[in-house]
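Heads up: the structure comes next, in structure tokens.
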Amino acid sequence: MTGETPLISARQLGAVFDVSKPWLNRMLALEAKQYLTAVDTVDFDIPKGKTFALVGESGSGKSTIGRMIVGLQKPTSGQVLIDGEDFFAISSEKKKMAMRRRIQMIFQSPYASLNPRWRVRHIIGEPIRAFDLLPASDVDGRVSELLDQVGLAKSDGEKFPHEFSGGQRQRIAIARALASNPEFIVCDEPTSALDVSVQSQVLNLMKSLQRELGLTYLFISHDLSVIRYMADEIGVLYLGRLVEVADRDTLFDKPRHPYTRMLMDAAPHIDAFGRTAEIVKGEIPDPINKPSGCSFHPRCALTEDICRRDRPEVREFGAEKARVACHLCAD
């Protein structure tokens, strides 16, 4: 990585939610407030034109990070830096709006993310109108270009979302994300609701658009095969904390954290027919009452006393400078 300022940086990013019962219920039961730590001091950089992927089980905090990065949710602590500037510290609404134009999001469900009462041309054209990017007379022409760019016909702009398949709807969502001419897009499980054959088409489209337009992605998924195809660098999340960060080849060739190895062992393998797979031990713990020390220790076969007692610091390993939070990790 060069000395160039990353397009997107997360610095000590944290998100804590108050999940307490109503005040009266707590008073009657003599209970204290309860807090859920969804994201715990997360750090990563995304250089321009690259894809950083987040992988982990459900409940690990992937989508919460995505929402904070695009400004839909304010962090409890830490910073989201865009070109080195703290997005949430910007006081000027005009400047904040200009910054918002540069970042977009593609949501998991193409069924829920499109307004069923709007025609497709209105859905795709909305960001253009919201950011006042073109005269009203030019919006429909731009929408036609975007439909063509994602592999749909101009006539599709007159239809409603229910007239399309799941893959076509996700193409519409991609066209809407491109409408504001963004530099950075958060892709939150964009293919998990699609059939496998359609998944590959949508992923190929996203890779092609990244090359053509120089886009930068934060790609969120639980599917390791999708992550391997899309990512340049990968962060493995467990209970809101990044336990391993490495470039794609390093992570898949030499996974260092026991949790990363567990995820890879649990994933389907093309050469695994007839073999006995090791059963994944336990489930992700309650994020309200996290285990002491290393959060992964109740599920880890390598656990020692230090794992139960002390929280591991992130350390760098190898020439690739993979970052791992594990007491027992060694090169």
Under 4.5 Å side-chain heavy-atom separation, chaining through any Ile, Leu, Val, Met, Phe, Trp or Tyr, what else clusters with Leu24? Say none if it is isolated. Trp23, Met27, Leu28
More than 12 heavy atoms of other residues, nucleotides or ligands under 6.0 Å from [atom1] of [X]: is that the case?
X: Glu313; atom1: CD; answer: no
X: Lys154; atom1: NZ; answer: no
X: Lys207; atom1: NZ; answer: yes

Do [X] and [Y] have side-chain atoms, one donor and one acceptor, less than 3.5 Å apart?
X: Glu189; Y: His222; result: yes
X: Gln12; Y: Thr41; result: no
X: Ser165; Y: Gln168; result: yes
X: Tyr229; Y: Asp223; result: no
X: Thr37; Y: Asp40; result: no
X: Gln170; Y: Thr191; result: no
X: Ser197; Y: Asp195; result: no

With rounding to the nearest 0.5 angstrom, report the CG to CZ distance, Asp265 to Arg261.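 Atom-to-atom, Asp265:CG and Arg261:CZ are 8.5 Å apart.
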Kindly compute the distance separating CE (Met206) from CZ (Arg211), expressed to the nearest 0.5 Å. 12.5 Å
Any donor-acceptor pair under 3.5 Å linking the side chain of [X] with the backbone of [Y]?
X: Asn204; Y: Ser200; answer: yes
X: Glu163; Y: Phe160; answer: yes
X: Arg171; Y: Val150; answer: yes
X: Ser20; Y: Gln34; answer: yes

Taking salt bridge (Lys or Arg N to Asp or Glu O under 4.0 Å) as the test, write out the residues that go with Glu183, two or more places apart.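 Checked Glu183 against salt bridge (Lys or Arg N to Asp or Glu O under 4.0 Å); matches are Arg102.
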What closest approach, in Å, do [X] and [Y] show between heavy atoms, and which atom pair accounts for it?
X: Phe88; Y: Gly71; value: CZ-CA, 3.8 Å
X: Asp138; Y: Leu134; value: O-CD1, 4.0 Å
X: Glu233; Y: Val245; value: OE2-CG1, 3.7 Å

Run the side chain to side chain contact (heavy atoms under 4.5 Å, CB included) test against Glu212 and tell me which residues pass, sequence neighbours left out.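 Counting only residues at least two positions away or on another chain, Glu212 forms a side chain to side chain contact (heavy atoms under 4.5 Å, CB included) with Gln149, Ser208, Leu209.
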Restricting to side chain to side chain contact (heavy atoms under 4.5 Å, CB included), what partner residues turn up for Ser180, sequence neighbours left out?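 In terms of side chain to side chain contact (heavy atoms under 4.5 Å, CB included), with neighbours along the sequence ignored, Ser180 is linked to Arg101, Gln104, Pro127, Phe131, Leu133, Pro182.
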Tell me whether Arg169 forms a cation-pi arrangement with Tyr111, defined as NZ or CZ under 6.0 Å from the six-membered ring centre and within 45 degrees of its axis.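 No; the conditions do not both hold, so Arg169 does not lie above the ring face of Tyr111.
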Tell me whether the guanidinium CZ or amine NZ of Lys159 lies under 6.0 angstrom from the six-membered ring centre of Phe164 and within 45° of its axis.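 Lys159 over Phe164 ring: yes.
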Heavy-atom distance under 4.5 Å between the side chains of Arg256 and Thr250, does that happen here? yes
Mind checking what makes ring pair (Phe, Tyr, Trp, His ring centres under 6.0 Å) contact with Tyr259, not counting sequence neighbours?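 Per chain and number, Tyr259 pairs via ring pair (Phe, Tyr, Trp, His ring centres under 6.0 Å) with Tyr238, Phe296.
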Report the residues that fulfil ring pair (Phe, Tyr, Trp, His ring centres under 6.0 Å) with Phe87, sequence neighbours left out, ordered by chain and then residue number. none
Hey, any chance Leu81 and Val70 share a hydrophobic cluster, counting ILVMFWY side chains that come within less than 4.5 Å of each other, even indirectly? no
Mind checking whether Leu302 and Leu239 sit in one hydrophobic cluster, side chains of I, L, V, M, F, W, Y counted as touching below 4.5 Å? no
